[in-house]
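Following: one structure in structure tokens, then a few remarks.
Each chain gets a letter, A, B and so on, in the order its sequence line appears, and its residues count up from 1. All values derive from a computational prediction rather than experimental measurement.
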There are 2 protein chains.
Amino acid sequence: MDKDGQMARGRATAEMVARQANVSRVAVSRAFNSHTSLKPEKRELILRIAQELNYTPDRAARALVSGRTHLIGVIVPDVCSYWESQEIDALTTALQNEGFATLLFKTRSDFSMDEKLLAYMRGFNPDSVIAFMENVRPSTLVRFLDRAVPIYVHYPHPDAEDDGEDGPLYDRLNVLQHGGIDQAVALLQGYNTRRIVYLSGAVKSRSNVAREKMLRTVMAARGLPPPRVVIGDYSYDTAYAATIDLFRVGDGADAIFASNDVSAFGVIDALRHELGLRVPEDVKVVGFDDIAQSHWKSYDLTTVKFDLSERVRALVRLILRRLNEPDAPALQETLHTSLVVRGTVG
Amino acid sequence: MDKDGQMARGRATAEMVARQANVSRVAVSRAFNSHTSLKPEKRELILRIAQELNYTPDRAARALVSGRTHLIGVIVPDVCSYWESQEIDALTTALQNEGFATLLFKTRSDFSMDEKLLAYMRGFNPDSVIAFMENVRPSTLVRFLDRAVPIYVHYPHPDAEDDGEDGPLYDRLNVLQHGGIDQAVALLQGYNTRRIVYLSGAVKSRSNVAREKMLRTVMAARGLPPPRVVIGDYSYDTAYAATIDLFRVGDGADAIFASNDVSAFGVIDALRHELGLRVPEDVKVVGFDDIAQSHWKSYDLTTVKFDLSERVRALVRLILRRLNEPDAPALQETLHTSLVVRGTVG
DNA sequence: ACCGAGAATGAACACGTTTTCACTTCGCGT
DNA sequence: ACGCGAAGTGAAAACGTGTTCATTCTCGGT
């Protein structure tokens with residue numbers, strides 16, 4: 001493969017395909033970007049030859065002129081965190097199907113701002129950014145990404161401070177926590193559960209704030225006293241220690257709402273293996289997320305779930321729409337939660 | 001920012017920096033790629049102005065001329081799989097520190113070849129590829145990636161069929177399974193355990209083959225009869241069902257070697273919650289990997305571990321070396337395993 | 001004051017596309 | 001036969017950088 005098209009650097013170029021097919025290089029470009037007119041038989045010939053030569057338009061060159069890299073930056077504090085790994089997994093599949101690819105970055109695990117990382121990521125020119133940084137305001141984020149379209153991922157209700165007069169300033173995915181939490185509280189109420197404790201996640205994170213707030217609202221609406229709050233950080237180990245502390249030093253509880261499934265596992269293990277209590281007979285436990293492990297027999301956790309695939313579909317829809325119409329008004333989609341009843345309650 | 005440097009598309013260009021600093025555009029390029037000579041004060045001025053303008057060399061343009069994208073393709077069947085998510089996490093951090101970024105792709109979950117995906121990934125021109133595709137030979141993989149340098153990730157011993165006369169044909173990371181497995185078998189032998197069962201992973205996967213083979217070798221060397229083999233696929237659910245089947249229909253066992261930690265969890269849960277057996281009193285269980293959940297109280301798993309961070313360091317070292325010296329002879333590094341003793345044995 | 005070597009500099013080209021803009025060809029109605 | 005839009009075509013200009021090569025500058029030694 002070195003007679004006239006030099007096959008430099010190992011990849012075929014549009015020039016070679018053109019020569020082989022007796023067409024101009026422009027025709028080759030047109031064959032791949034269908035929106036301009038080109039005689040059908042010609043396109044067919046070009047595509048066949050391209051296939052033969054294993055040719056694909058070079059993405060760097062394409063990005064240079066079009067300004068689109070087809071990369072979606074994903075910033076995440078911890079890939080191992082089960083919920084997030086599930087989301088990354090689904091997201092990668094979905095983006096792949098739409099001609100994009102996931103560009104993964106890791107940030108500090110406290111959900112806070114990381115200017116250094118953001119600048120670094122910006123250098124790769126992602127077309128859009130999905131940030132798992134719950135403590136950062138969108139307006140702060142957007143200042144560091146001039147060209148990219150940021151989608152700020154979080155779970156709570158719309159945040160008034162980030163809204164303009166005519167609605168939200170940025171595309172947003174909202175999760176209405178009400179449904180699942182209300183079902184859970186109703187279920188507990190049915191068992192005459194009295195002392196309900198909320199084990200928090202990372203205190204300042206938006207999802208944690210939203211979950212606690214909604215829990216208070218729901219309990220008040222049902223005529224229950226507000227829950228006691230124990231500080232956690234979404235991790236197994238902290239939940240484990242906090243639970244022991246709650247029962248050894250504190251007043252104990254009849255039911256514990258954990259801010260996510262992983263910390264619910266910590267709660268359950270502390271109750272059973274350290275405190276000698278039974279779940280659900282002595283203490284009932286509810287989690288958030290419904291990750292894959294929640295149905296494992298050792299835990300069999302009752303938890304507040306929302307549909308992951310639905311969420312990812314919505315997210316990809318938002319991203320694609322924004323890329324096609326950069327100046328369209330900000331959009332938001334709303335998802336709902338529901339309760340998955342398993343063995344840790346009832 | 002539109003007086004002469006037009007700030008097109010939102011990003012500053014080298015041209016603008018040059019104009020602002022009264023230098024030629026070439027000088028700006030030199031200031032960023034230090035290997036050519038440039039008056040120090042000039043470089044300083046340029047870098048200062050660049051910072052002011054928030055300028056970074058465009059990676060697409062840079063890739064176009066240099067042929068380097070600084071992207072490392074990572075192909076993985078399942079991001080949620082805990083061991084792999086841990087590896088992706090560590091890898092992303094390490095690559096980030098070296099000026100690269102992780103480009104994530106998802107493939108079929110049976111570890112087999114996926115030409116479609118490979119062609120798709122090739123389109124993004126990654127500088128190197130890390131593939132979690134244990135059923136695919138490196139030689140097959142390399143056929144689909146003309147320019148990229150593939151690193152084939154697997155756990156077993158060197159595979160003779162992929163070696164040339166003067167050693168291995170490709171860079172490789174080998175894991176010597178012997179240490180941890182031998183310790184585990186010795187421990188079981190100490191308890192006079194007789195009927196040992198190996199619960200396989202995905203049957204054709206290299207890591208599974210290597211683990212089973214080494215288990216046989218070690219047991220033979222210690223004068224034990226070969227283990228019975230039960231078919232699994234690395235998943236919790238399959239392990240759960242297979243264990244029930246083993247005890248209800250089959251002969252049962254005194255100890256079960258699970259091919260990874262997740263399936264060990266499935267084994268434990270089936271024994272305790274479905275078959276009413278005690279672990280470790282009635283049946284002992286050993287896993288592979290030592291993922292984060294293995295120390296959780298519900299499982300407290302004894303398992304064969306090797307150092308993840310050491311592994312990732314070695315991997316990154318291999319990649320960087322290959323990028324700097326594309327024609328250097330193939331290199332291999334070897335890692336060792338050890339046993340982490342917890343509650344499921346003894 | 002002069003020469004020469006090495007450092008510093010900038011013009012021009014290369015990288016592989018997409019897009020614009022004239023130009024040619026084609027088919028069809030009068 | 002003529003004209004006239006529409007469809008098809010290719011030359012040339014971007015896109016933003018790295019690199020080569022010839023030129024200019026600097027400075028120490030005679």
Discussion item. Of the options C/dG16, D/dT17, C/dT17, whose atoms approach the side-chain atoms of A/Leu64 most closely?
Written reply: C/dG16
Worksheet item: Can you check whether B/Val17 reaches B/Ile46 side chain to side chain, under 4.5 Å on heavy atoms?
Response: yes
Worksheet item: Taking the nucleotide of DNA chain C with the closest heavy atom to each, which residue, B/Asn22 or A/Ala61, is nearer the 5' end?
Response: B/Asn22
Discussion item. Given the structure, check if the side chain of B/Arg25 and the base of D/dG18 hold any donor-acceptor pair shorter than 3.5 Å.
Written reply: yes
Practice prompt. Write down the distance between CG (B/Asn33) and P (D/dT19), rounded to a whole number of angstrom.
Written response: 6 Å
Worksheet entry | Whole-Å gap separating C1' (D/dG16) and CG (A/Asn125) | 11 Å
Discussion item. With a 4.0 Å cutoff (strictly under), does any side-chain N or O of B/Thr13 reach OP1 or OP2 of D/dT17?
Written reply: yes
Worksheet item: What integer distance in Å separates B/Arg68:CZ from C/dA14:P?
Response: 22 Å
Practice prompt. Nearest whole angstrom, please: distance from the P of D/dT17 to the CG of A/Asp58.
Written response: 17 Å
Worksheet item: Could you give the CZ-to-P distance, from B/Arg59 to C/dC15, as a whole number of Å?
Response: 22 Å
Item to complete: Would you kindly give the CZ-to-P distance between B/Phe32 and D/dG18, to the nearest whole Å?
Response: 9 Å
Discussion item. So which atom in B/Tyr55 and which in B/Ala12 form the shortest heavy-atom distance, rounded to 0.1 Å?
Written reply: CD1-O, 3.3 Å
What are the atom names and distances for every N/O pair under 3.5 Å that joins the protein to nucleotides 20-26 of chain D?
none

Item to complete: Could you tell me whether the side chain of B/Asp89 and the main chain of A/Asp78 form a donor-acceptor pair under 3.5 Å?
Response: no
Fill in: Given DNA chain C, 5'-ward residue of the pair A/Arg62 and B/Val23, judged by closest heavy atom
B/Val23
Worksheet item: Phosphate oxygens OP1/OP2 of D/dG18: is one of them under 4.0 Å from a side-chain N or O of B/Ser29?
Response: yes
Worksheet entry | Length of the line joining A/Glu15:CD and C/dG16:P, which is rounded to integer Å | 10 Å
Worksheet item: Does the B/Arg43 side chain pair with the main chain of B/Arg30, one donor and one acceptor, at a distance under 3.5 Å?
Response: yes
Worksheet item: What integer distance in Å separates B/Leu45:CG from C/dA8:C1'?
Response: 16 Å
Worksheet entry | Side-chain donor/acceptor of A/Arg313 to backbone N/O of A/Ala94, under 3.5 Å | no
Worksheet, complete the sentence: Correct closest heavy-atom pair for A/Met121 and A/Phe105 would be CG-CE1, 3.2 Å
Worksheet item: Is the closest basic N to carboxylate O distance between A/Arg48 and A/Glu44 below 4.0 Å?
Response: no
